[in-house]
Structure formats: structure tokens, C-alpha cells
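Here is the structure we will look at.
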Protein chains: 2
Amino acid sequence: MAEDVVRAFGFLSLGTRMKRIGERLQADTQKIIDEMGVEIAASQYPLLAAVERLGPLAVGDLADALGVSQPGVTRSIAQLVDLGVLRAEPAPDDQRRKFVSLTAQGQRLVDEAKEAIWPRIEAAVADLCGKLDGPLLDQLAAIEDGLTALPLNRREPKP
Amino acid sequence: MAEDVVRAFGFLSLGTRMKRIGERLQADTQKIIDEMGVEIAASQYPLLAAVERLGPLAVGDLADALGVSQPGVTRSIAQLVDLGVLRAEPAPDDQRRKFVSLTAQGQRLVDEAKEAIWPRIEAAVADLCGKLDGPLLDQLAAIEDGLTALPLNRREPKP
DNA sequence: CGACGTTATATAACGCGTTATATAAATCGG
DNA sequence: CCGATTTATATAACGCGTTATATAACGTCG
């Protein structure tokens, strides 16, 4: 088995490594969602959660709240509007702005997620790294090893 | 200023957040490399470093060493071969396998990087998160705040 | 030895992020 | 009040990761 170069390089490849871990966590999270029979991509939940938490919001404000670029959220919104979970309507006073809100179906989806999915994900991630402490690189190694030993979707199944 | 939803959700959106931080680190790293007038993308360095560290290696072994998929490294290799820094030649005994090695130009590039670029990056990242300790989410918050306060390319300029 | 399964790499299609730029609406200044 | 600038969103093109599948070479077995 070849050496894990990205890990071996420590701080030098920290960006690559964090991105890699993030993708792995997202992939495992997607598995949990799939197992629960929901049709929404894991990556869309932050957007739905932001709309629910902050109320109807313009595209640019959503981009700020999510920390991603405006074209990125514009595209995600378009997909979720197509799926019928989001609605986008121009602001009455300023036709440039578009306010995004949950449809009834979207609200149901979020309610379900809050009830059944998010607690499960949060518990699994907390199980993986809630107890961690110490230097960053050690924690990252523990996360990678922990995921290899037992992926997120095998952790803390709903009691 | 809108609330940072991904941060607020804690473990629930940890994957999204780590990916986001990784991308930000990579982007800052790219700035450092650009400032030093080198024409290689930051994302290619792990591949070059792996080839240098582990010697001539087959495509699949490189994928293992880097923790990415085989098609991913196949594509990166193709680009670096086009740039003239890598060479790929079929193994004499097994024509399916392709061994990847540094060209003279590639070796020069790596030597330069080891001399001037990697130490600078490592110092900047160490400055950002070498002292961190404690729970993971606190460290991530410190990293994000630290990058906002002073991006990597402003840290520890070469003495 | 030839067919068949296996293994290594290549290609295709897609996801989701980015930057750069286009378009349309609002605002500002003469 | 109209032209110029600014602001908000949309679109296009690309980067770099993925999975699924095609192709070619190897090994094995009847």
C-alpha cells in the first residue's frame, strides 16, 4: 500500500487534505440521505436550511450566508425551483432583486429533515469527531482513520 | 452582514465547511505561487511531490498515494506531460501499466519548489494554524477568521 | 492455443465550485 | 430628465473532483 502523500506533507498540503476530507464527509452524508429515501442532494441542504433559518432572502444575501459565490447559489436555486421546493420572485420595490423562499413542499422537506435526517447526520459526525482535541493535523488524521474504520452512515443509527 | 449558516450548523455541515476551507487554502496558496512567478497550478504539486518522493510510479499507485480516483490522476498526468514536466512510459514487462516519472525540467521545478515555494507555504499555513488546539469546530473557526484577517499570501513573507 | 475473466488506463458525463462577463434595473449627477 | 455609473442576477467557460464504462493487455484454464 502506497504512502498517503497528502497526509505526509502536513501543513504544506493542508488545503488539499481538508478539501478531500470535506468531500468524503459529504459523500458519506449523501449515503445517509439516500438510505433514508430522500431525493435531495446533500449539497442542497445548506441552501434550504439558510432559507428556512433566515427567511425569504435575496440571491446575493444567500450567497453571503453560505459563503459561496453568487453564480453558485443562482444555479442551485434554479435546480431547487425546478424541483418545486423553492420559489423565487422579484422584489416589488426593486426588480433586480429576487427573493427566495420555501414552497409548501420545501417547508415539508425541511421539517422532515429537521426531524429525521439532520439529527442523524449530526450524531454521526459528532460520534466521529466530537471528542477530538489537540493539534489540527492529529485531528484530521483521526477523522480520516475514523471514516475508514467506520463510515458515517454506519455510525449512531437512529435509536 | 448575513449570518454564516454553514458555520452556525456545526457538525451538521462539517463536510461543506471543510471543503470550503480547503478551497480557500488552495486559492491562497495559488496566490503565493503566482506571486513567485511559477506557471504550475497549486493543485498539481501533490502529484509532482508524490512522483518525486516515491519514485517512478504507475498511474494506479499514484492515485492511491494521493487519495484520489484513477481518472483524476490520469487527467492531471496528461496535463503535466503536455507541460513537459512529467514523462509516462509503458512498463516493459506489462504494457497495461504506465510508469510516470519526472523529466529533467520537472525535476528542476520540484527542486525550485522545495527550495523556495514549499517552505513559504508551509510557514504561512503553520503561522495560521500551527498553534491551534482544542475542539475541531473552534479550530476551524479560528482558521476562517485567521484567513479573513490575513490571507496566507501575506503571512511570513520570505525573510 | 484460444476464449474468458481480470486488471490497468482512458474516456465520457456529470457535480459543484470558481472567475469573467452580459443584461437589466436602479440611482446619481449635470 | 437623461445619460452614465452602480448594483443584482444570469450566463458562459473552466477546474478539478467524482462514477460509470470502454479499451487493451495479461493470465488462466479447458
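All values reported here derive from a predicted model rather than from experimental measurement. In what follows, every chain begins at residue 1, and chains take the letters A, B, ... in the order their sequences are listed.
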| message | Is it the case that the base of D/dA10 and the side chain of A/Gln70 share a donor-acceptor contact (distance under 3.5 Å, atom types as modelled)? | response | yes

| message | Looking at A/Thr74, I'd like to know whether one of its side-chain N or O atoms comes within less than 4.0 Å of OP1 or OP2 on D/dT9. | response | no

| message | Check for me, please, whether A/Leu54 and A/Leu62 land in the same ILVMFWY cluster - side-chain distances under 4.5 Å, paths through other members count. | response | yes

| message | Please pick, from D/dT18, D/dC26, C/dT18, the nucleotide with the shortest atom-to-atom distance to any side-chain atom of A/Ser69. | response | C/dT18

| request: With the side chain of B/Asp94 defined as its heavy atoms from C-beta on, choose the nearest nucleotide among C/dA26, D/dA25, D/dG17. | output: D/dA25

| message | By the 4.0 Å heavy-atom rule, please label A/Ala58 as base, sugar-phosphate, or nothing. | response | sugar-phosphate

| field | Residue B/Lys98, side-chain heavy atoms: nucleotide from C/dT9, D/dT9, D/dT19 that is nearest | value | C/dT9

| Whole-Å distance between C/dT9 P and B/Gln95 CD? | 12 Å

| Considering only heavy atoms and no angle criterion, is a donor-acceptor pair shorter than 3.5 Å present between the side chain of B/Arg96 and the base of C/dT7? | yes

| In whole angstroms, how far is the C1' atom of D/dT7 from the CG atom of A/Asp61? | 12 Å

| message | Can you work out whether A/Pro92 or B/Thr16 has the more 5'-proximal nearest nucleotide on DNA chain C? | response | B/Thr16

| query | Do B/Leu136 and A/Ile143 have side-chain heavy atoms sitting under 4.5 Å apart? | reply | yes

| Between B/Phe99 and B/Ile77, is there a shared hydrophobic cluster once you connect ILVMFWY residues whose side-chain heavy atoms come closer than 4.5 Å? | no

| request: Say whether, by atom type as modelled, one donor and one acceptor occur between the side chain of B/Glu3 and the main chain of A/Ala65 under 3.5 angstrom. | output: no

| Once you round it to whole Å, what is the distance between P of D/dG27 and CZ of B/Arg97? | 11 Å

| message | What is the distance, to the nearest angstrom, from the CD1 atom on B/Ile77 to the C1' atom on C/dA8? | response | 12 Å

| Presence of A/Ser43 side-chain N/O under 4.0 Å of C/dC16 phosphate oxygens OP1/OP2 | yes

| message | Let's see if you can work this out: which of C/dA12, D/dT6, D/dC16 has an atom nearest to the side-chain heavy atoms of B/Pro71? | response | C/dA12

| message | Nearest whole Å is fine: how far is C/dG17 P from A/Gln44 CD? | response | 8 Å

| query | Contact class for A/Gly60 (heavy atom, under 4.0 Å): base, sugar-phosphate, or nothing? | reply | sugar-phosphate

| request: Return the nearest nucleotide to the side chain of A/Gln79; candidates are C/dC16, C/dT18, C/dT11. | output: C/dC16

| said: Let's see if you can work this out: which of C/dA10, D/dG17, C/dA25 has an atom nearest to the side-chain heavy atoms of B/Ser76? | reply: D/dG17

| request: Mind calculating the distance between CG (A/Leu62) and P (C/dG17) to the nearest angstrom? | output: 13 Å

| query | Quick one: A/Arg24 CZ to C/dG15 P, roughly how many Å, whole number? | reply | 23 Å

| query | Would you say A/Gln30's side chain and A/Ala42's backbone share a donor-acceptor pair under 3.5 angstrom? | reply | yes

| note | Between CG of A/Leu25 and C1' of D/dG17 the distance, given in whole Å, is 15 Å

| task | Give B/Arg75 one of three labels, base, sugar-phosphate or nothing, depending on what nucleic acid heavy atoms sit under 4.0 Å from its own. | result | base

| request: Decide, yes or no, whether a salt bridge links A/Arg97 with A/Asp61 under the criterion of side-chain N to carboxylate O below 4.0 Å. | output: yes

| In residues 140-150 of chain A, which residues come under 4.0 Å of DNA chain C by heavy atom? | none

| field | Intermediate values then yes/no, salt bridge (Lys or Arg N to Asp or Glu O under 4.0 Å), A/Glu144 and A/Arg20 | value | CA-CA 10 Å; A/Glu144 292 181 308; A/Arg20 192 175 79 177; 2.8 Å; yes

| query | Between B/Leu25 and B/Leu147, is any pair of side-chain heavy atoms under 4.5 Å apart? | reply | yes

